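By convention in this document, chain letters (A, B, ...) are assigned in the order of the sequence lines, proteins followed by strands, and residues within each chain are numbered from 1. Since the model is a prediction, treat every value here as computed from it, not as a measurement.
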Protein chains: 4
Amino acid sequence: MTGTMQSDFVTAQVENPELVDRRRSQIVAAAVKLFGDRGYYTVTIKDIAKEAGISTGLIYQYFQNKEDVLLLTLMERLDRYKDDVTKAIASEVDPLQRLHAAYAACCRVVDTNKEATVLAYRSFRSLDPSRRKHVLNREREINALLADCVRHCQRAGLIRGIDINLVCSHLASMAHAWALQSWRFDRGYSVDQYIADSFDLLTKGMLAIDCVPSSPQTVTT
Amino acid sequence: MTGTMQSDFVTAQVENPELVDRRRSQIVAAAVKLFGDRGYYTVTIKDIAKEAGISTGLIYQYFQNKEDVLLLTLMERLDRYKDDVTKAIASEVDPLQRLHAAYAACCRVVDTNKEATVLAYRSFRSLDPSRRKHVLNREREINALLADCVRHCQRAGLIRGIDINLVCSHLASMAHAWALQSWRFDRGYSVDQYIADSFDLLTKGMLAIDCVPSSPQTVTT
Amino acid sequence: MTGTMQSDFVTAQVENPELVDRRRSQIVAAAVKLFGDRGYYTVTIKDIAKEAGISTGLIYQYFQNKEDVLLLTLMERLDRYKDDVTKAIASEVDPLQRLHAAYAACCRVVDTNKEATVLAYRSFRSLDPSRRKHVLNREREINALLADCVRHCQRAGLIRGIDINLVCSHLASMAHAWALQSWRFDRGYSVDQYIADSFDLLTKGMLAIDCVPSSPQTVTT
Amino acid sequence: MTGTMQSDFVTAQVENPELVDRRRSQIVAAAVKLFGDRGYYTVTIKDIAKEAGISTGLIYQYFQNKEDVLLLTLMERLDRYKDDVTKAIASEVDPLQRLHAAYAACCRVVDTNKEATVLAYRSFRSLDPSRRKHVLNREREINALLADCVRHCQRAGLIRGIDINLVCSHLASMAHAWALQSWRFDRGYSVDQYIADSFDLLTKGMLAIDCVPSSPQTVTT
DNA sequence: TATGAATGAGAGTTCATTCAT
DNA sequence: GATGAATGAACTCTCATTCAT
């Protein structure tokens with residue numbers, strides 16, 4: 001199971017696992033809020049402690065340093081992300097509907113967690129290489145879920161033989177865009193509408209001339 | 001013209017405009033390199049001064065504070081971005097080829113400037129609201145260029161009546177993905193290939209069943 | 001008797017005297033080891049608790065604060081010191097042999113407890129004045145044992161009428177030097193040899209010309 | 001020349017060598033006073049800055065960290081020590097008088113700098129191994145001066161064939177004792193008297209029976 | 001104009017001590 | 001009696017910014 005504050009790469013001084021879980025959740029909740037609003041560097045440990053309603057020293061009983069707080073903050077979101085996507089595709093059998101369900105789940109996670117999504121982009125590079133690896137691994141696991149959906153569609157002959165990496169990048173980018181480029185969209189524009197529109201665009205493309213449109217690729221090379 | 005270090009929102013203590021231009025370029029060049037590598041907060045003014053080969057004090061003759069250095073650093077990239085896209089579409093007349101040229105230009109700017117692209121995502125929120133506005137305005141100008149291309153295609157009946165904002169978001173996201181999600185792509189995969197593949201995907205969509213595919217939209221709501 | 005962990009200047013919260021004795025010994029044993037290795041300030045109460053196999057809170061049941069742990073740590077060594085010297089001279093009757101036995105005992109205590117000897121020098125001043133007094137008193141008691149030996153020798157006409165304080169300082173310095181200046185001596189050089197050589201030097205002096213050497217004292221004043 | 005604040009093992013951010021010299025002297029002077037009174041660990045960087053009349057940040061322009069302040073503080077005393085001894089023996093030709101001059105110089109350095117002498121004993125072990133090496137090297141240089149005097153005396157047949165290390169240890173211990181064991185001596189007792197008395201003791205020994213006294217060495221083993 | 005020494009507020013982190021269990 | 005989670009004051013060190021030269 002992914003969604004726990006236990007972690008083999010972030011160590012705590014406190015031994016009671018339930019307490020570790022509870023306190024870390026408390027601290028991460030405060031961190032998500034503050035990091036999301038103001039970014040990693042402008043938020044101090046004291047700010048987090050105050051927001052969490054505990055003393056500064058206590059944070060260091062559950063995290064080795066500030067960077068570990070960021071790490072678990074980013075990981076927690078990815079855990080929820082993965083869980084949501086997993087649940088979303090569990091009940092779907094039709095390949096294309098499965099893919100749609102996965103994409104919709106991604107968009108919804110982004111929507112309910114816009115700040116955290118932005119934070120992920122802002123702060124990933126604030127982690128040192130070894131911590132980045134943990135985040136990337138989780139990111140790849142999520143990606144594998146999407147890739148699987150795409151692969152099923154391709155096997156069913158529903159999607160043409162495009163590079164799966166490219167398709168996944170496409171899907172992820174569009175989901176993230178809902179948070180990262182929110183300035184582009186009208187206030188009234190809802191996630192549901194966005195999911196519908198963007199999935200339509202992703203699947204059917206932009207061109208009006210159906211079927212074999214005159215590709216401008218030859219120009220490229 | 002955009003590509004100058006003169007700026008009405010960042011003021012200098014030095015009066016000679018040429019000098020301002022030269023010094024600011026020198027400083028911004030150093031900042032681009034360092035911010036790109038290590039991010040805004042971990043780079044010090046001293047680092048920038050050393051990289052630029054000047055004294056720390058001098059930076060404050062041309063910028064009011066560190067945040068202004070970041071602002072011009074981000075702006076400079078957007079200026080180049082805009083110039084490149086402008087030049088790219090200048091010679092194209094066919095609407096779709098124009099769009100392709102614009103998109104390709106975006107991808108190439110991203111490719112030659114991956115670090116700066118990542119920096120933009122990381123550091124935009126480190127700016128205060130008034131400075132963000134300047135960046136967003138420039139971003140919108142670039143977006144307008146793309147939007148114009150799309151509009152032309154739509155008027156020519158080449159692109160179907162999808163919301164232009166959505167299409168532009170799509171285009172921008174994919175261009176940025178080349179830098180932001182570079183971990184997804186193989187080392188051997190070139191920008192040119194990426195441009196070709198992603199533009200094909202963007203325009204024609206993912207579906208194998210051409211023309212009217214059974215849309216899964218109804219599931220969404 | 002000196003060698004107990006009961007103490008009228010360090011108070012405990014626990015009433016059972018045997019328990020106080022046992023726990024204090026346990027804690028002081030851990031403290032000796034850690035303070036000896038790393039000094040007073042770099043060792044934490046937590047370190048001591050862990051080394052002693054107890055909880056941090058328990059230390060405060062037997063000591064009022066960290067400084068008291070140091071005090072008893074220093075005192076314990078002095079207690080052993082005093083006991084050893086007392087025992088060593090108990091069986092000797094010949095004044096000079098008594099003195100020799102006392103000096104040899106000092107050197108051996110130092111030798112078996114080099115770290116603690118160094119600690120005493122390092123950390124005495126970390127105590128507040130009132131605690132220092134306790135250490136100094138014990139130190140003076142030990143000194144009195146030596147002084148007594150010297151006095152006996154003088155009365156027996158074996159030692160000339162030098163100021164006893166000076167002689168004692170001399171003896172103590174040389175004994176301590178075995179730990180404090182161990183870098184001066186070869187690895188193969190044994191305590192026994194050191195005792196023999198240094199006592200010979202102390203008693204007979206450095207000069208080759210026996211009897212009345214041309215003293216350079218007149219130069220001094 | 002030894003007595004300068006330039007140092008190849010402690011680096012400064014400031015380049016002007018005279019300034020480095022002046023500021024370091026200023027800081028070390030404050031540190032000597034405070035460390036001497038209260039020890040290394042209980043004195044804060046802020047204390048030193050205040051005592052020196054500068055800002056805390058400035059200390060870090062001239063020292064990399066607090067430990068380096070301690071290092072130079074200890075080194076400075078050793079430099080003066082070495083200079084004083086060197087000067088003292090420069091004019092003496094008679095081997096024994098040379099030795100006496102060296103010893104007297106040692107005692108006088110200790111006397112005018114009691115706190116610093118105590119500090120050296122207290123704080124040497126607060127240095128990390130590489131820094132200790134620097135101190136020990138200087139200490140060995142000073143020791144070499146003494147050893148040289150002793151050797152001359154031995155060659156002249158004035159001192160018997162005792163191990164030179166032992167003799168030097170003896171001399172150094174007695175000199176240091178003037179500061180370390182000052183509690184033993186009466187207030188009225190002067191350095192000059194101490195030098196005279198202790199040198200007499202060191203050279204002629206304690207025994208009243210001149211010449212070949214019955215050595216108690218055989219008892220030792 | 002240009003320098004870089006100087007400032008000092010504020011960051012992350014530690015640790016002696018307390019106290020509910 | 002014993003535990004160890006919790007506290008928060010105080011530490012070392014950094015760095016944006018200033019200003020005398």
Side-chain angles (χ1 to χ4, degrees), chain A residues 12-16 19-20 22-23 41-50 53-67 69, chain B residues 12-16 19-20 23 41-50 53-69, chain C residues 12-16 19-20 23 41-50 53-69, chain D residues 12-16 19-20 22-23 41-50 53-67 69:
Chain A
Q13 306 221 151
V14 172
E15 310 235 309
N16 179 344
L19 192 53
V20 169
R22 210 186 75 220
R23 287 297 197 192
Y41 286 105
T42 53
V43 170
T44 71
I45 287 287
K46 263 179 178 151
D47 292 335
I48 298 173
K50 186 181 266 182
I54 56 174
S55 66
T56 59
L58 198 60
I59 291 181
Y60 289 89
Q61 301 261 10
Y62 296 95
F63 296 88
Q64 295 207 286
N65 47 43
K66 195 187 171 191
E67 212 174 322
V69 178
Chain B
Q13 310 231 126
V14 172
E15 313 230 308
N16 178 344
L19 193 52
V20 169
R23 287 296 197 195
Y41 286 104
T42 53
V43 170
T44 69
I45 286 288
K46 223 179 173 182
D47 291 334
I48 298 172
K50 187 183 259 180
I54 57 173
S55 67
T56 57
L58 198 59
I59 291 181
Y60 288 86
Q61 300 274 355
Y62 297 95
F63 295 88
Q64 293 209 286
N65 48 42
K66 195 186 172 191
E67 213 173 320
D68 274 346
V69 178
Chain C
Q13 308 232 125
V14 172
E15 311 230 309
N16 178 345
L19 192 53
V20 169
R23 287 297 197 193
Y41 287 103
T42 54
V43 171
T44 69
I45 287 287
K46 222 178 172 185
D47 291 336
I48 298 172
K50 186 182 260 182
I54 57 173
S55 67
T56 56
L58 198 59
I59 292 181
Y60 288 87
Q61 300 273 355
Y62 297 95
F63 295 87
Q64 295 210 285
N65 48 41
K66 195 185 171 190
E67 213 174 319
D68 274 346
V69 178
Chain D
Q13 307 222 147
V14 172
E15 310 236 308
N16 179 344
L19 191 53
V20 170
R22 210 187 74 219
R23 286 296 196 193
Y41 287 104
T42 52
V43 171
T44 70
I45 286 287
K46 262 182 177 148
D47 291 335
I48 298 172
K50 186 181 265 183
I54 57 173
S55 65
T56 57
L58 199 59
I59 292 182
Y60 290 90
Q61 301 261 12
Y62 296 95
F63 296 88
Q64 295 207 286
N65 46 45
K66 194 186 171 190
E67 212 173 321
V69 178

- [ ] Any chance you could measure Asp47(A), atom CG, to Thr42(A), atom OG1, to the nearest 0.5 Å?
- [x] 8.5 Å
Task: Protein-nucleotide distance (Ile48(B), atom CD1; dG4(E), atom P), rounded to Å - done: 17 Å
Open item on the list: Just the rounded figure in Å: distance from C1' of dT3(F) to NZ of Lys50(C).
Closed with: 15 Å
Open item on the list: Under the rule for ring-ring contact (aromatic ring centres under 6.0 Å, His included), what residues qualify as partners of Tyr60(C), not counting sequence neighbours?
Closed with: none
Task: Atom pair CD1/CD1 of Ile48(D) and Ile59(D) - distance to nearest 0.5 Å - done: 5.5 Å
Open item on the list: If we ignore hydrogens and angles and just use 3.5 Å, is the side chain of Lys66(D) paired with the main-chain N or O of Val43(D) as donor and acceptor?
Closed with: yes
TODO: Report the residue (Asn16(D) or Val14(B)) whose heavy-atom-nearest nucleotide on DNA chain E is the more 5′ of the two.
DONE: Val14(B)
Open item on the list: Expressed as a whole number of angstroms, how long is the span from Glu15(D):CD to dA6(E):P?
Closed with: 13 Å
Task: Secondary structure of DNA chain F in dot-bracket form (Watson-Crick or G-U wobble, distances below 3.5 Å, | marking inter-strand pairs) - done: .||||||||||||||||||||
Task: Rounded distance (Å) that lies between atom P of dA20(F) and atom CG of Leu19(D) - done: 17 Å
TODO: Would you classify Phe63(C) as touching base, sugar-phosphate or nothing, given that sugar-phosphate means primed atoms plus P, OP1 and OP2, and contacts are heavy atoms under 4.0 Å?
DONE: nothing
- [ ] Would you indicate whether the side-chain heavy atoms of Tyr62(C) and Leu19(C) approach each other to under 4.5 Å?
- [x] yes
Task: dG4(E) OP1/OP2 closer than 4.0 Å to side-chain N/O of Ser55(B) - done: no
Task: Ile59(A) CD1 to dT7(F) P, straight-line distance once rounded to whole Å - done: 10 Å
TODO: Would you mind reading off the distance between Gln13(A) atom CD and dC15(E) atom C1', rounded to a whole angstrom?
DONE: 10 Å
Task: Donor-acceptor contact below 3.5 Å, side chain Asn65(C) vs main chain Asp68(C) - done: yes
- [ ] Report yes if at least one side-chain N or O of Arg23(C) is closer than 4.0 Å to OP1 or OP2 of dA2(F); otherwise report no.
- [x] yes
Open item on the list: Once rounded to the nearest 0.5 Å, what's the spacing between atom CG of Asn16(A) and atom CZ of Arg22(A)?
Closed with: 8.5 Å
Extract from the structure each pairing of a protein N or O with an N or O of nucleotides 14-17 of chain F at less than 3.5 Å, listing the distance.
from    : atom 1 : to       : atom 2 : distance (Å)
dA16(F) : OP1    : Lys66(B) : NZ     : 3.1
dA16(F) : OP2    : Ile45(B) : N      : 2.8
dT17(F) : OP2    : Tyr60(B) : OH     : 3.0
dT17(F) : OP2    : Lys66(B) : N      : 3.0

Open item on the list: Do Arg23(D) and Leu58(D) make a side-chain contact, defined as non-hydrogen atoms from C-beta onward lying under 4.5 Å apart?
Closed with: yes
Task: Rounded distance [0.5 Å steps], CD in Glu15(A) versus CD in Gln61(A) - done: 11.0 Å
